Amino acid sequence: MNNNLVVKHNDLIEASYKLTLEEQRLILASISKVDSRKDVPVEIMITAKEYAELFDLQLKHSYFQLKEATNNLYERDIQIKGKKQTERMRWVYKVAYSDGEGYVTLKFSPEIKLYLSQLNGMFTSYQIANIAKLKSLYSIRMYELLNQWKITGKRVIPLGEFRRILELEDSYPRFADLKRRVIQPAVDELNKQTDIAVSFDVEKQGRAVSTLLFSFSAKPVQLEA
DNA sequence: AATTCGGCTGGGGAAAGGTG
DNA sequence: CACCTTTCCCCAGCCGAATT
């Protein structure tokens with residue numbers, strides 16, 4: 001057993017991608033099996049039981065969820081901003097579901113591995129338990145983006161950058177809608193379900209919002225359910 | 001211009017419930 | 001314990017009206 005720690009290079013935190021909640025959970029469960037100081041295991045195995053326990057789900061529902069999430073994940077891609085180019089790649093290059101045995105295996109793409117292992121500096125880490133209760137699509141991403149700046153407790157993100165990271169460039173053209181359907185729900189959920197207390201403000205250029213300003217701090221230690 | 005608020009729709013998450 | 005289908009409800013996403 002490990003301590004279910006997720007460690008990602010910051011370029012991965014700020015990469016542009018979109019996953020469903022289940023796919024996101026699968027990725028995080030997989031990453032938690034990687035020792036960021038060492039090499040990524042060739043193949044990672046997740047059992048339905050582990051999955052259910054990590055995210056507090058009923059076991060009988062986790063089989064199908066896990067199977068579907070795994071198959072969907074195979075199709076997902078991610079764009080990572082390099083120095084000169086933005087690279088597009090897949091999360092995994094192989095997945096398998098073992099019928100009758102209740103587990104999946106997956107292999108991270110070689111390129112993705114670069115952001116998960118042999119890390120020294122420029123990475124963000126947190127416990128899965130801190131985000132296990134999050135259900136809203138963007139909450140987990142937001143948690144990571146904030147956590148990256150844990151030392152200062154402040155995160156400033158240009159609006160365009162925020163949209164790029166969450167792949168919301170073509171959605172919610174009106175900022176008011178983005179705020180109501182994405183930012184506010186995520187902030188509310190983080191305040192309710194995680195170990196940090198968050199508030200946010202905006203900066204305007206003329207009349208339009210140009211930058212998001214998040215402030216956050218660790219909540220006083222509370223009892224874990 | 002921008003905002004908030006109200007409301008509509010489609011799709012998906014997850015609960016309910018059942019099989020072997 | 002492993003697996004599957006059906007059903008329901010929530011919410012992502014969009015839009016109009018009133019307001020600043």
Side-chain angles (χ1 to χ4, degrees), chain A residues 1 15-30 43-79 91 95-106 128-129 131-145 157-194 198-214 225:
Chain A
M1 292 297 279
S16 174
Y17 65 90
K18 214 177 219 176
L19 297 171
T20 65
L21 182 60
E22 282 69 26
E23 291 155 18
Q24 180 80 264
R25 284 173 166 173
L26 176 60
I27 287 279
L28 297 180
S30 303
E43 188 166 72
I44 292 175
M45 176 169 90
I46 309 280
T47 67
K49 206 172 175 182
E50 286 175 320
Y51 184 83
E53 280 170 5
L54 269 178
F55 299 104
D56 199 23
L57 306 168
Q58 285 187 45
L59 180 59
K60 69 174 185 173
H61 294 142
S62 74
Y63 297 100
F64 190 62
Q65 266 192 38
L66 188 58
K67 185 176 184 172
E68 253 196 356
T70 304
N71 280 324
N72 292 339
L73 183 61
Y74 182 73
E75 305 290 344
R76 301 291 180 197
D77 73 334
I78 170 172
Q79 293 186 49
W91 285 95
V95 299
Y97 186 85
S98 295
D99 282 316
E101 298 183 75
Y103 69 85
V104 300
T105 56
L106 59 84
I128 282 196
I131 55 90
K133 291 181 189 162
L134 298 178
K135 291 201 161 56
S136 159
L137 193 54
Y138 303 105
S139 300
I140 295 178
R141 295 301 306 281
M142 200 97 100
Y143 181 87
E144 292 183 340
L145 287 168
I157 312 183
L159 184 58
E161 187 76 351
F162 184 78
R163 286 183 180 276
R164 176 190 66 78
I165 291 172
L166 299 181
E167 287 193 346
L168 288 176
E169 283 140 320
D170 300 322
S171 308
Y172 302 112
R174 304 196 307 196
F175 177 78
D177 283 333
L178 183 76
K179 179 181 170 188
R180 183 163 66 145
R181 297 296 189 218
V182 176
I183 302 173
Q184 197 62 55
V187 165
D188 289 346
E189 202 180 22
L190 291 180
N191 280 325
K192 213 176 195 174
Q193 305 285 9
T194 73
V198 191
S199 64
F200 85 101
D201 207 347
V202 298
E203 213 171 77
K204 293 188 176 185
Q205 216 163 37
R207 288 195 248 195
V209 172
S210 62
T211 310
L212 303 176
L213 311 163
F214 294 95

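Just so we're on the same page: letters track the sequence lines, and every chain starts at 1. Predicted model, so just to flag it, every value in this text is computed and none were measured.
When the side-chain nitrogen and oxygen atoms of A:K67 are compared with OP1 and OP2 of C:dC4, one or more of them lie within a distance under 4.0 Å. Taking 4.0 angstrom as the limit, A:Q58 places none of its side-chain polar atoms (N or O) nearer than this to OP1 or OP2 of B:dA14. For the OP1/OP2 pair of C:dC15 and a distance below 4.0 Å, the side-chain nitrogens and oxygens of A:Y172 include no atom meeting the criterion. Of the side-chain N and O atoms in A:Y138, one or more sit less than 4.0 angstrom from OP1 or OP2 of C:dG13. Residue A:K60 places none of its side-chain N or O atoms closer than 4.0 Å to OP1 or OP2 of B:dA16.
Judged by distance alone, with hydrogens and angles left aside, A:R181 brings a side-chain donor or acceptor within reach of the base of B:dG7, the pair sitting under 3.5 Å. Taking 3.5 Å as the limit, the base of C:dG13 and the side chain of A:R180 contain no donor-acceptor pair of atoms between them. A donor and an acceptor atom never sit less than 3.5 Å apart when one is taken from the side chain of A:R207 and the other from the base of B:dA2. Residue A:D177 places a side-chain atom within donor-acceptor reach of the base of C:dC15, judged by atom type and a 3.5 Å distance cut-off alone. Checked by distance alone, A:H61 brings no side-chain donor or acceptor within 3.5 Å of a matching partner on the base of C:dA2.
Remark: A:K192 does not engage A:E189 in a salt bridge, criterion side-chain N to carboxylate O under 4.0 Å.
A:R174 has its CZ atom 17 Å from the P atom of C:dT20, to the nearest Å. Whole-Å rounding puts the A:Q205 CD to B:dA1 P distance at 17 Å. In this structure, A:E101 places its CD atom 22 Å from P of B:dG20, rounding to the nearest Å. For the pair A:Y63 OH and B:dA16 P, the interatomic distance rounds to 18 Å; values are reported in whole Å.
As judged by a 4.0 angstrom heavy-atom cut-off over every strand, A:V182 is placed among residues making no nucleic acid contact. The residue A:S98 sits close only to the backbone: its heavy atoms come under 4.0 Å of sugar-phosphate atoms, none of a base. Here A:Y97 lies in heavy-atom contact (under 4.0 Å) with sugar-phosphate atoms only. Looking at heavy-atom distances under 4.0 Å, A:L57 makes no contact with the nucleic acid at all.
Environment of OH in A:Y97: crowded, with over 12 heavy atoms of neighbouring residues, nucleotides or ligands closer than 6.0 Å. Crowding of A:E101 atom CD: a count of heavy atoms from other residues, nucleotides or ligands under 6.0 Å exceeding 12.
Along DNA chain C, the nucleotide nearest A:K18 and the nucleotide nearest A:G102 are compared for position; the residue whose nucleotide lies closer to the 5' end is A:G102.
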